[in-house]
Number of protein chains: 4
Amino acid sequence: MATKDSPEQNPRPVRTGGRVRSEDARRAVLDAAAELLEAAGYGALTIEGVARHANVAKSTVYRWWKSKGALVMDAYTHTVVTRVPEPDTGTVAGDLTSFISDLYRISAYPLRGRALRGLMAEAQLDPAFAEHFRQWVQSRRTVVTRMLIAAIDRDELPADLDLEHATDLVFGPFWYRLLVGHAPLDPDQASSHVAQLLNGLRGS
Amino acid sequence: MATKDSPEQNPRPVRTGGRVRSEDARRAVLDAAAELLEAAGYGALTIEGVARHANVAKSTVYRWWKSKGALVMDAYTHTVVTRVPEPDTGTVAGDLTSFISDLYRISAYPLRGRALRGLMAEAQLDPAFAEHFRQWVQSRRTVVTRMLIAAIDRDELPADLDLEHATDLVFGPFWYRLLVGHAPLDPDQASSHVAQLLNGLRGS
Amino acid sequence: MATKDSPEQNPRPVRTGGRVRSEDARRAVLDAAAELLEAAGYGALTIEGVARHANVAKSTVYRWWKSKGALVMDAYTHTVVTRVPEPDTGTVAGDLTSFISDLYRISAYPLRGRALRGLMAEAQLDPAFAEHFRQWVQSRRTVVTRMLIAAIDRDELPADLDLEHATDLVFGPFWYRLLVGHAPLDPDQASSHVAQLLNGLRGS
Amino acid sequence: MATKDSPEQNPRPVRTGGRVRSEDARRAVLDAAAELLEAAGYGALTIEGVARHANVAKSTVYRWWKSKGALVMDAYTHTVVTRVPEPDTGTVAGDLTSFISDLYRISAYPLRGRALRGLMAEAQLDPAFAEHFRQWVQSRRTVVTRMLIAAIDRDELPADLDLEHATDLVFGPFWYRLLVGHAPLDPDQASSHVAQLLNGLRGS
DNA sequence: CGCTAACCGAGACGGTACGTCAAGTCTTAAC
DNA sequence: GTTAAGACTTGACGTACCGTCTCGGTTAGCG
């Protein structure tokens with residue numbers, strides 16, 4: 001967060017003069033990445049193609065983004081999506097339903113789905129990127145984990161809950177459908193899924 | 001499982017003479033694929049490298065496997081793994097626990113995990129392969145779905161169960177952990193996961 | 001021309017039983033070669049393509065013709081052209097004019113021109129074929145040389161004529177135009193070319 | 001002429017940035033091409049082999065030369081041979097004798113002969129290259145044609161001379177011997193060939 | 001207000017793998 | 001028991017991107 005920041009958070013650039021980064025180029029690259037991602041899919045997206053499409057030198061892309069994954073991640077977080085919702089409805093059922101139906105809503109935005117699937121793929125192929133990706137995933141898990149802890153504080157859930165696994169139960173089925181594509185993600189099913197989930201978590 | 005079969009099931013080759021396919025070459029390719037998969041990961045595996053490693057002509061690989069995904073899929077199913085277990089313990093809890101702990105046991109075989117993750121990645125990048133992959137996934141889902149139907153027949157589970165989603169609850173968290181790698185897969189947790197799952201499925 | 005014979009003159013086939021050669025296959029190959037030669041030119045003609053086009057196994061082609069050049073040479077002599085004319089008009093001017101205008105007439109048969117040019121090209125690239133080709137060329141040179149000798153006998157030409165070079169003067173310009181293609185070959189110009197040639201050969 | 005120029009004469013590259021072309025790489029490629037041409041002949045020369053031999057990336061070769069023919073043509077004109085002689089002795093007999101004996105002298109340089117024969121072969125096989133080759137041939141024809149025109153101006157030859165055919169009579173026999181190889185090219189025979197030729201051209 | 005550092009574009013470089021194609025050899029099945 | 005079918009090894013093809021590397025030419029800000 002914090003500053004306007006460059007894609008990779010450089011802790012302190014220590015500017016001592018020199019030409020300043022072109023915002024035009026940055027936007028052009030991110031837009032081109034998003035566009036090509038939508039048009040051809042993650043696998044067919046190349047840095048060379050993005051540079052060409054953005055009318056930007058290849059070296060400019062490489063200067064600011066060290067991998068295809070980093071670029072798409074940036075395009076995803078800055079261009080594709082804006083904000084992670086962090087609902088606070090007072091009950092865990094409400095919070096989770098809101099969160100999950102929001103997750104499932106991705107089916108309405110094919111570009112986002114394509115980006116997410118591509119990022120997950122990249123994480124499997126490039127260990128360096130996997131680390132970044134894992135951190136991003138972790139940031140989203142934390143949102144859910146916080147909901148669950150709040151629920152425990154309100155005695156809605158048992159104190160000995162396996163938070164890790166409970167969080168997996170939220171994200172796992174979502175990713176599984178997204179990646180395999182055997183069945184659609186339907187926001188309307190969110191509440192029934194949550195009910196079932198909470199039943200399980202509350203124990204017999 | 002029909003015959004010894006060739007990688008892509010050709011409905012009937014109609015041999016009318018000519019040199020027969022070299023079983024040596026076939027095994028060498030599959031073994032090389034498995035070996036390189038283990039050594040370098042799916043992303044770093046190339047058809048060129050497999051051919052080199054197997055002491056086989058590149059065109060021979062291309063003749064029989066039309067993509068990297070198809071090759072690894074074949075290597076996975078023929079070399080890496082032998083048999084999908086299909087437990088029948090008499091109770092759904094037993095069946096699922098057996099099945100899931102078996103799933104989680106993949107953590108003991110890094111090669112298998114790498115293969116699975118690579119296949120999932122490929123499915124995101126190559127739509128043509130995705131179709132094959134989806135079929136394979138479906139075949140594994142069917143095993144679980146059958147268990148659930150048997151459970152319904154035994155009145156262990158309600159008849160109005162959403163089989164699709166229930167099956168997702170079995171595989172989703174597994175794949176999610178496998179792919180993200182934020183936490184280990186522990187076979188010992190299988191029974192508690194199953195208990196929680198069944199609690200949820202049985203309704204309030 | 002002896003027997004039904006195979007393209008390369010085997011001194012004695014000595015059949016001792018076994019499957020007989022398919023005449024169908026032989027014709028199909030020659031026809032396919034001629035057709036592809038016409039359609040795509042010598043450079044784009046491949047043994048693989050001929051076999052495919054003739055619905056014949058590649059090895060069948062290889063058994064009977066040991067190179068692309070040999071095949072085209074065969075197709076040329078058996079399919080494309082029938083007979084070398086050997087005029088005898090009584091005067092060297094008549095003989096040469098007849099022969100040369102016949103040569104130049106090739107411009108009316110693009111297939112023949114293509115074949116000849118391809119054979120010459122092949123001879124530059126494959127030393128083994130060059131030897132065969134040279135023999136064939138020699139056989140055509142002999143026809144001209146014989147005319148010149150007859151002319152000397154009739155005192156139409158000086159006895160100390162350099163037969164080798166004189167023959168080159170007949171074929172050289174022909175091949176040069178055929179190969180370079182900078183100007184057309186016109187049969188009507190044959191007689192003037194011959195007149196000029198004889199002027200030169202007869203000395204001052 | 002003019003400048004050091006790049007292989008394909010670009011009338012003005014208009015540098016607008018970008019790394020400059022490596023002269024080292026250019027020379028290495030041309031030298032390697034000349035060397036391999038000498039060692040193995042035109043047919044056995046491959047772009048892949050040239051790149052390997054020159055310690056240069058294959059893509060660098062393809063960047064600058066669009067075909068094997070273009071490469072060898074360049075190697076031939078820049079490395080193998082330096083300059084076309086353009087004699088001016090005052091008489092057409094002298095000019096032609098000088099020119100032709102120079103032509104025939106190629107027999108002393110096997111590499112040049114091999115290159116020429118290979119280029120002619122390529123022109124038969126690759127229509128695109130044929131065009132380039134024809135232009136090069138034309139440039140050499142022009143030298144001879146100019147000599148003949150000068151001779152006409154000096155009344156050494158008749159004004160109604162067929163320049164096209166006369167030029168063919170100079171080059172045709174040369175190429176014919178070079179390509180067929182049925183007899184050697186002997187520079188000493190140049191003057192007698194010229195005498196004969198002029199006899200013919202001057203008419204009865 | 002000129003220096004200077006960092007940017008930007010262009011694009012060549014050595015690489016690697018791609019997927020295709022044809023060459024020519026070898027083994028098996030058919031006649 | 002020869003011929004024909006077809007899988008095999010080999011190796012070059014030409015293409016596409018990779019990531020790195022010069023270049024020439026801006027464009028701040030600092031001194």
Side-chain angles (χ1 to χ4, degrees), chain A residues 13-22 24-26 44-52 54-64 66-68, chain B residues 13-22 24-26 44-52 55-64 66-68, chain C residues 13 15-22 24-25 44-52 55-64 66-68, chain D residues 13-22 24-26 44-52 54-64 66-68:
Chain A
V14 195
R15 292 266 300 98
T16 63
R19 184 171 176 174
V20 78
R21 178 174 185 189
S22 159
D24 283 3
R26 183 174 151 276
L45 181 149
T46 65
I47 291 194
E48 193 122 356
V50 169
R52 204 158 39 222
N55 272 322
V56 143
K58 195 166 51 151
S59 50
T60 298
V61 181
Y62 275 106
R63 195 181 343 268
W64 300 107
K66 62 177 53 171
S67 75
K68 175 171 151 177
Chain B
V14 195
R15 290 264 304 100
T16 62
R19 186 170 174 174
V20 295
R21 177 172 184 189
S22 160
D24 284 2
R26 184 175 151 276
L45 183 148
T46 64
I47 291 192
E48 192 122 356
V50 169
R52 204 158 40 222
N55 273 323
V56 143
K58 193 165 54 150
S59 53
T60 297
V61 180
Y62 277 107
R63 200 191 326 281
W64 299 108
K66 59 179 54 172
S67 74
K68 175 169 150 178
Chain C
R15 292 269 299 99
T16 62
R19 184 170 175 174
V20 294
R21 177 173 184 191
S22 159
D24 284 1
L45 182 148
T46 65
I47 292 195
E48 190 118 0
V50 170
R52 200 160 41 223
N55 273 322
V56 143
K58 194 165 52 151
S59 51
T60 300
V61 181
Y62 275 106
R63 192 185 330 280
W64 299 107
K66 63 178 54 172
S67 74
K68 174 170 152 179
Chain D
V14 196
R15 284 265 300 102
T16 63
R19 184 170 175 174
V20 294
R21 179 171 184 189
S22 160
D24 284 3
R26 184 175 152 275
L45 182 149
T46 63
I47 290 192
E48 192 124 356
V50 169
R52 202 159 40 224
N55 272 322
V56 142
K58 194 167 50 151
S59 51
T60 297
V61 181
Y62 277 107
R63 195 179 345 267
W64 298 107
K66 59 180 55 172
S67 74
K68 175 171 149 177

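In what follows, chains carry the letters A, B, and so on, assigned in the order in which the sequence lines appear, proteins first and then strands, with residues in each chain numbered from 1.
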Under 4.0 angstrom between C:Trp64 side-chain N/O and F:dA4 OP1 or OP2: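 Yes, because at least one side-chain N or O of C:Trp64 sits under 4.0 Å from OP1 or OP2 of F:dA4.
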N or O in side chain of B:Arg63 less than 4.0 angstrom from F:dA7 OP1/OP2: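 Answer is no, no contact under 4.0 Å.
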With 3.5 Å as the limit, what N/O pairs link the protein to nucleotides 17-21 of chain F?
| residue | atom | partner | partner atom | Å |
| --- | --- | --- | --- | --- |
| F:dC18 | OP1 | A:Ile47 | N | 3.3 |
| F:dC18 | OP2 | A:Ile47 | N | 3.4 |
| F:dC18 | OP2 | A:Glu48 | N | 2.9 |
| F:dG19 | OP2 | A:Tyr62 | OH | 2.8 |
| F:dG19 | N7 | A:Lys58 | NZ | 3.1 |
| F:dG19 | O6 | A:Lys58 | NZ | 2.8 |

C:Ala57: side-chain contact (heavy atoms from CB on, under 4.5 Å) partners, not counting sequence neighbours: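 Partners of C:Ala57 by the side-chain contact (heavy atoms from CB on, under 4.5 Å) criterion, ordered by chain and then number, come out as C:Ser59, C:Thr60.
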By side-chain contact (heavy atoms from CB on, under 4.5 Å) - contacts of B:Thr46 (at least two apart):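 Once residues adjacent in sequence are excluded, the partners of B:Thr46 under the side-chain contact (heavy atoms from CB on, under 4.5 Å) criterion are B:Glu48.
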Approximate separation, where rounding is to 0.5 Å, of B:Arg21 CZ and B:Arg63 CZ: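 That separation rounds to 9.5 Å.
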Nearest heavy-atom neighbours spanning C:Ile47 and C:Ser67: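 So the minimum-distance heavy-atom pair works out to CD1-C, 4.2 Å.
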Shortest non-hydrogen contact between B:Ala25 and B:Ser22, atoms and distance: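 B:Ala25 and B:Ser22 have their closest heavy atoms at N-OG, 2.9 Å.
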First encountered from the 5' end of DNA chain E, between D:Ala57 and A:Asn55: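 The residue whose closest nucleotide sits nearer the 5' end is A:Asn55.
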Could you check how far [atom1] of [X] sits from [atom2] of [N], rounded to whole Å?
X       : N     : atom1 : atom2 : answer
A:Arg21 : E:dA5 : CZ    : C1'   : 17 Å
A:Arg26 : E:dC8 : CZ    : C1'   : 16 Å
A:Asp24 : E:dC8 : CG    : C1'   : 12 Å

Any D:Lys66 side-chain heavy atom under 4.5 Å of D:Tyr62 side chain: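 Sidechains of D:Tyr62 and D:Lys66: no contact.
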Sugar-phosphate only, base, or nothing, as touched by B:Thr60 at under 4.0 Å among non-hydrogen atoms: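 Base, at least one base atom sits under 4.0 Å.
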